[in-house]
Amino acid sequence: HTDHVNFAAFGPLGSRVVTAGYDQTVRVWELESEQEVVRLDEWSKRAQAKITSMIQYVEFSPDEQQVITVSKLIGIELWDLESRSAKPLGPGTYATFSPDGQQIAVVNYRRIRFLNARTLELTSETPEQIREISHIEFSPDSRLVLACNSENAVRVWDTQSGQISFELRGHESATRHASFSHDGNRVASASDDATARTWHTKSGAQRAQFDAMLGNRPKLVSVSSDSESVVFAKASEVSTTVFDDQLNATDVSFLDRAT
């Protein structure tokens with residue numbers, strides 16, 4: 001890149017990294033060779049004036065042969081990395097592939113649209129408007145999508161019907177981030193109410209709540225592959241919390257502390 005890099009992400013296979021820069025390019029790198037293998041630079045031709053951050057988000061497809069790019073100005077596009085050609089997915093603020101690579105979920109204003117990843121045809125969409133969607137994520141089996149929003153709850157939608165499957169309610173302020181466990185049986189959520197919580201997906205019941213140990217508002221949350229630990233990230237530190245059989249935390253270790 002010839003200017004600052006504002007986004008970077010690993011591919012799901014672990015062989016590639018994608019970056020987006022203020023030079024209005026998206027680049028794909030092979031990890032083994034540390035070489036740039038694809039450069040997408042169409043945005044500089046479209047912009048009427050220099051814009052520092054044209055692309056806000058990029059995501060690989062599960063096979064690392066395509067990427068989704070998200071731009072507030074241009075919209076969301078699906079790029080084939082071999083041909084370097086793009087297909088528009090419409091306006092929106094976020095988009096993500098399903099783990100099986102068969103679907104793309106697009107946040108378009110206050111709705112979530114589900115597209116066939118091959119044909120890009122609309123297969124379903126949420127029927128009601130969702131206020132201020134901050135994050136969406138597919139379940140491991142690609143059948144559900146969770147959505148965080150300003151309505152103090154995590155809503156979970158069926159991707160085939162577009163209907164709400166269940167809600168996870170208990171937070172007292174906007175939910176900012178949530179994540180499924182690898183087996184799909186739990187969800188961890190982070191909220192502006194300065195708590196992080198875990199939930200049973202089958203019943204929607206709250207499993208545990210972490211507040212005093214977090215101190216301030218958690219920004220990101222992720223469940224470990226064995227579903228026994230949850231990592232909460234916040235502005236000042238990252239901590240790991242381990243569940244016990246009584247649904248409480250047994251250990252908190254700080255992985256990194258900002259100075």
Within one Ile-Leu-Val-Met-Phe-Trp-Tyr cluster: V5 and V18, side-chain cutoff 4.5 Å: no
Modelled atom types, side-chain donor and acceptor of Q209 and T195, under 3.5 Å: no
side-chain contact (heavy atoms from CB on, under 4.5 Å) between E137 and S179, worked out: CA-CA 7 Å; E137 180 179 307; S179 180; 3.4 Å; yes
Audit row: I133, Y94, side-chain contact (heavy atoms from CB on, under 4.5 Å) steps and yes/no: CA-CA 9 Å; I133 301 172; Y94 186 74; over 6 Å; no
Distance (rounded to the nearest 0.5 Å) between T198 OG1 and R186 CZ: 7.0 Å
Heavy atoms from other residues, nucleotides or ligands near CZ of R111 exceed 12 (cutoff 6.0 Å): yes
Atom of L144, atom of T159 and distance for their closest heavy-atom approach: C-CG2, 3.8 Å
E64 and S15: side chain donor to acceptor below 3.5 Å: yes
Same cluster (ILVMFWY, side-chain, under 4.5 Å), L122 and I76: yes
Side-chain touch T69/E42, heavy atoms, less than 4.5 angstrom: no
Nearest heavy-atom neighbours spanning S150 and A174: CA-CB, 3.6 Å
Backbone of G162 reached by a side-chain donor or acceptor of T126 within 3.5 Å: no
Residue that, paired with F114, satisfies side-chain contact (heavy atoms from CB on, under 4.5 Å) out of V106, V145, I104: V145
Separation of E167 CD from N152 CG (nearest 0.5 Å): 11.0 Å
E121 side chain to T119 backbone, donor-acceptor under 3.5 Å: no
Working for side-chain contact (heavy atoms from CB on, under 4.5 Å), residues T93 and Q56: CA-CA 9 Å; T93 57; Q56 289 79 47; over 6 Å; no
Whether D193 side chain and H171 backbone form a donor-acceptor pair below 3.5 Å: no
Beyond-backbone contact of S139 with L146, side-chain heavy atoms, under 4.5 angstrom: no
Side chain proximity check, F97 to S142, heavy atoms < 4.5 angstrom: no
Shared hydrophobic cluster, F10 / V38 (ILVMFWY, side-chain heavy atoms < 4.5 Å): no
Y22 and H4 aromatic ring geometry - parallel, tilted or perpendicular at 30°/60° bounds: perpendicular
CH2 on W29 to CD on Q35, rounded to 0.5 Å: 8.5 Å
Inter-residue atom distance R197.CZ - R207.CZ, 0.5 Å rounding: 15.5 Å
Close side-chain approach of W199 and Q206, heavy atoms under 4.5 Å: yes
D3 side chain to G21 backbone, donor-acceptor under 3.5 Å: no
Within-4.5 Å side-chain heavy-atom neighbours: V28 and F60: yes
Common cluster, L31/V58, ILVMFWY with side-chain heavy-atom separation under 4.5 Å: no
Shared hydrophobic cluster for V17 and I68 (ILVMFWY, side-chain gaps under 4.5 Å): no
Side-chain heavy atoms of V156 within contact of T201, under 4.5 Å: no
Nearest atoms (heavy-atom pairs only) where V70 meets G92: CG1-O, 4.2 Å
Check: S165 side chain, D158 main-chain N or O, donor-acceptor pair, under 3.5 Å: no
Heavy-atom side-chain proximity of P99 to P140 below 4.5 angstrom: no
Ionic contact status for E77 with K87, cut-off 4.0 Å: no
Validation row: R169, R155 side chains within 4.5 angstrom (heavy atoms): yes
Main-chain N/O of H1 paired with T25 side-chain donor or acceptor, under 3.5 Å: no
Donor-acceptor contact below 3.5 Å, side chain T175 vs main chain A153: yes
Between CZ on residue R84 and CG on residue D41, distance to nearest 0.5 Å: 9.5 Å
Shortest non-hydrogen separation from S61 to P12 and the atoms involved: O-CG, 3.4 Å
Contact summary for S173 and S191, nearest pair of heavy atoms: O-OG, 3.2 Å
Parallel, tilted or perpendicular: ring planes of Y57 versus F7, cut at 30 and 60 degrees: perpendicular
Side-chain (E30) to main-chain (V37) donor-acceptor, under 3.5 angstrom: no
For the student: nearest non-hydrogen atoms of R27 and D23, plus distance: NH2-OD2, 3.0 Å
Verdict with supporting geometry, Q103 and Q160, side-chain contact (heavy atoms from CB on, under 4.5 Å): CA-CA 10 Å; Q103 302 177 79; Q160 298 302 310; 3.9 Å; yes
CZ on R176 to CG on N149, rounded to 0.5 Å: 9.5 Å
